[in-house]
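Have a look at the structure below before the remarks.
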Amino acid sequence: MSNLSAEVIGQIALMQSFAVQLPNIKSILNFVIEGFKDIPGVGNISYSIDSKSVDNLCKEFPIYRNNNYYAFIYIEILDKSIFDPYIPYIENFCTVLAIMFEEKKQRVINKKLIEEKSHLLEIEKINYHGLFENSVASVWHEDFSELYKKLEELKKGSIKSLRKYLKNDPQKMSELFSTIKINNVNKATLKLFGAPTFNELLKKLPETMTESSFKVFEKELLAIWNKEDIFQSEVDFYSLQGEKIYGLISIKIPKTELESKNVLITIVDITSQKKIEREIEQYRDKLSDLVEIKTIKLSQSLDTLKKTQDELVEKSKMASLGELVAGIAHEINTPVGILITGTSYIKELIQELEDLYNTKNLTSKKIINIIDKGLETANLLQNSSIKAGKLIKNFKEVAVNETSDIQRKINLNQYVGDIVNGFQTELSEKNIIVNIACDESLELYTYPSSISQIFTNLLSNSFLHGFNRKNSGKIIINININDEHVNIIYKDNGFGMSEESVKKIFMPFYTTTRGKGTSGLGMFIVYNTVVQSLFGVINCKSIPNKETIFEISFPSQIKK
Amino acid sequence: MNNEGNISLGFTKDAVPKGTHMCLVYQKEEERIDTLLKYMLAGIQNNEKVACFSENLDEESVRKFFKDNNLSYDETKASNAISISKTGDVYFKNGEFNPEIMLETLKKYYLESRDSGSNGSRVIGEMTPEIENVPGGDRLLEYESRVTLLLREYPVTSICQYNANEFDGATIMNILKVHPQMIVNGSVIKNPFFIPPEKYLGI
């Protein structure tokens, strides 16, 4: 110890005071190395940070703490006996340096962390401020801490139900409301409430409250009381100009006292939406009234229409009846007229005969003459009587007598074939070929006379009209059963008809050959038989000078 | 001018002989300003001439400090008892550091103070890192060592301020070696690192 220099030991001790002021490890080590040069017996001095050097000629002084090596100081020893006494002081100093470095490193880390945190906070602040200020929604920054304290006090007291508490004394709600401190509002809020400044809004805040907004505040209090997560509700206010504002209020209910100091409340403006809803409601009411009026009018129109329709049907019936009566009268009139005239004439002849006999002027010649005239007139009367009888028979057929026909099973192919064979003379004379395409085994439980009437009249119609002036022709009859319906296509390649004739073909007494022995009742009978007896439908199509087609369909089983 | 006896530095109870050459290695600007203001005030109160070379000293803060201590800065300034200059304007005139000119300036300052009947003279100068980049800057230590020599004959009490954050540790250690006294934790102590100018300069 006697070789130790107090001055050097003092230097080593004092170096700590300066080293601690230096900003970083490198600067401290530079300071220390420079200071160590004054220690007796040393040569070159160096250091390395973090990693170890391989300089074996130097004495190594590690600067370490808690297994963390911060640096190594290497001292070249020129005189061991002089230097060695200082080693404990140097080692001790290195320990102080280690503490210093540890603290410096920690400070650097802390500084970095603080900087990062500050940076993040700054970003958050910027973001928050940006979001707050530029939000299109109205945002209120409020302090609920006093409200929280009040509510906690109530909870600790005897209050079990806040709802009852507020109901018993409505004044309490105003008291609680007054504890809320509004820190700030954003631009959108000022715009929504038509407030020029934040202070102006605060000043006139009570004017903005509506009955509904107090009710919403009550709900909000209950949400806080019940520790809900989020409170949302529709709410309305008055702007500072007195206009109604509708909003959707949203609050994230704070859970801690710190959170309660910074509560963000957003109000989304739904005034326009509400206005549209109201307009839609008004339109709906108007529409409802309009529909009611229209319905009444329509109902009245429907009644009128029905009445008109009934009248028309009645008129149509009357017209048809009149037409029918006129037709019958017209057709019967000729033979009956002949009968009346002929009978009168015969009466005159008998009177003439009686007069000649009474006046003794009756000669053989005169008797023969009267007999000839009488016979001629009698023939005429007979012909007219037959014609009238025939007409009456036809009329009878028009009025389909259901009871006169009995249902029975027929082989349709064979039955139709028999009907066609009944016209063999006409077919041969006119050189007309009839092709029947029908399943030979097709059996039908139906009214045979109805089938007969249909085909007889269709064939007669073809002979009288289709092939009237033709010497050859073809008739095709297709019959099949499909979907429980008998479908018949009757087709001739005769003269066909005009469109006008097709439209009228099923009307009674419609004929294009009146006075030539046709009554105009044949197709009317077919129509009535298909529709009334067989409960089917019939349709006629025709191409003039080419063909006429009748399409008939009726149920295969008729239940009467 | 009586060069006998110790004088107050203002920032410490320690009294030092006139012409003491000290260095203050500081970390915080407040520490530097605090030392500086108290040092200047004590000089004025001791009827000394005071010079300050500082790059960043707000004259208003000096005025306020003086006022708080019942002194008028403006009157003091008008009487030429105090002068405040920028470091660069004094140390780096013409863009270089010339120790000879600086030493001559110090000498003149002392003589003027003496001739003006002042009770002494004191300077406080803040050295800036610019010294490391200007021509002649490498003569800083030589200059400081020569100042020690000069002050023996022309005892201008001097404090040199060095910012620990702006100079490397090695420079700081070498600065310490050329100042006989150092200010540590507000006290003036004998510098154990000090190397006498004769030894340091090899003269």
Side-chain angles (χ1 to χ4, degrees), chain A residues 4-40 42 44-49 61 63 70-75 86 89-90 92-94 96-98 100-101 103-105 107-108 111 115, chain B residues 11-12 14 22-35 126-129 132 138 140-142 144-145 159-197 199-200 202:
Chain A
L4 280 171
S5 158
E7 201 172 47
V8 171
I9 292 167
Q11 280 180 10
I12 294 171
L14 198 59
M15 277 164 72
Q16 294 173 19
S17 300
F18 288 96
V20 79
Q21 294 188 60
L22 295 168
N24 53 55
I25 292 172
K26 195 180 169 191
S27 186
I28 291 170
L29 287 168
N30 286 337
F31 175 80
V32 170
I33 299 304
E34 206 58 42
F36 279 181
K37 283 178 182 170
D38 292 338
I39 299 171
V42 303
N44 292 326
I45 308 174
S46 63
Y47 69 87
S48 72
I49 297 173
F61 291 92
I63 301 168
Y70 297 103
F72 299 89
I73 294 174
Y74 300 97
I75 300 174
Y86 294 102
Y89 296 94
I90 294 170
N92 184 49
F93 182 61
C94 285
V96 173
L97 284 178
M100 213 182 281
F101 289 179
E103 192 248 327
K104 292 270 181 203
K105 275 209 165 180
R107 196 178 288 179
V108 169
K111 196 181 168 194
E115 278 173 3
Chain B
F11 55 84
T12 175
D14 304 325
M22 300 160 279
C23 77
L24 169 69
V25 176
Y26 67 94
Q27 205 178 10
K28 292 174 183 169
E29 182 68 3
E30 304 88 77
E31 184 189 353
R32 181 182 81 85
I33 298 292
D34 184 65
T35 307
E126 172 203 9
M127 184 49 75
T128 59
E132 291 172 339
D138 53 348
L140 175 65
L141 298 174
E142 176 202 338
E144 290 282 15
S145 193
I159 295 177
C160 304
Q161 296 180 309
Y162 287 85
N163 188 339
N165 292 312
E166 290 183 338
F167 290 92
D168 179 61
T171 307
I172 294 291
M173 176 52 81
N174 287 322
I175 290 294
L176 291 177
K177 287 176 179 176
V178 289
H179 286 84
Q181 301 287 323
M182 55 167 62
I183 301 162
V184 179
N185 299 327
S187 297
V188 180
I189 58 167
K190 191 186 169 208
N191 185 358
F193 303 105
F194 176 63
I195 299 168
K199 188 181 175 187
Y200 191 85

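Below, chain A is the first sequence line, B the second, and so on; all start at residue 1.
- None of A/Met15, A/Gln11, A/Lys37 except one satisfies the side-chain contact (heavy atoms from CB on, under 4.5 Å) rule with B/Met173; the exception is A/Met15.
- Between the OH atom of B/Tyr162 and the CZ atom of A/Phe18 there is a distance of 13.0 Å, given to the nearest 0.5 Å.
- Taken to the nearest 0.5 Å, the CD1 atom of B/Ile175 stands 11.5 Å off from the CZ atom of A/Phe31.
- Between chain B and the options A/Gly35, A/Ser17, A/Pro23, the largest number of non-hydrogen pairs under 4.5 Å is found for A/Pro23.
- Atom CG in A/Leu22 sits 8.0 Å away from atom CG in B/Asn165 (nearest 0.5 Å).
- Neither the backbone nor the side chain of A/Val8 comes within contact range of chain B, judged by heavy atoms closer than 4.5 Å.
- Put simply, the side chain of A/Lys26 does not reach to within 4.5 Å of the side chain of B/Asp168, judged on heavy atoms.
- Considering every non-hydrogen atom in both B/Phe167 and A/Ser27, the closest pair reads O-OG, 4.0 Å.
- Of the atoms belonging to B/Lys28, not a single heavy atom falls under 4.5 Å from chain A.
- Both the backbone and the side chain of B/Val25 come within contact range of chain A, each with at least one heavy atom under 4.5 Å from a heavy atom of that chain.
- Remark: side-chain polar atoms of B/Lys177 are paired, donor with acceptor, to backbone N or O of A/Glu34 under 3.5 angstrom.
- Here the OG1-CG distance, from B/Thr171 to A/Asn30, works out to 8.0 Å after rounding to the nearest 0.5 Å.
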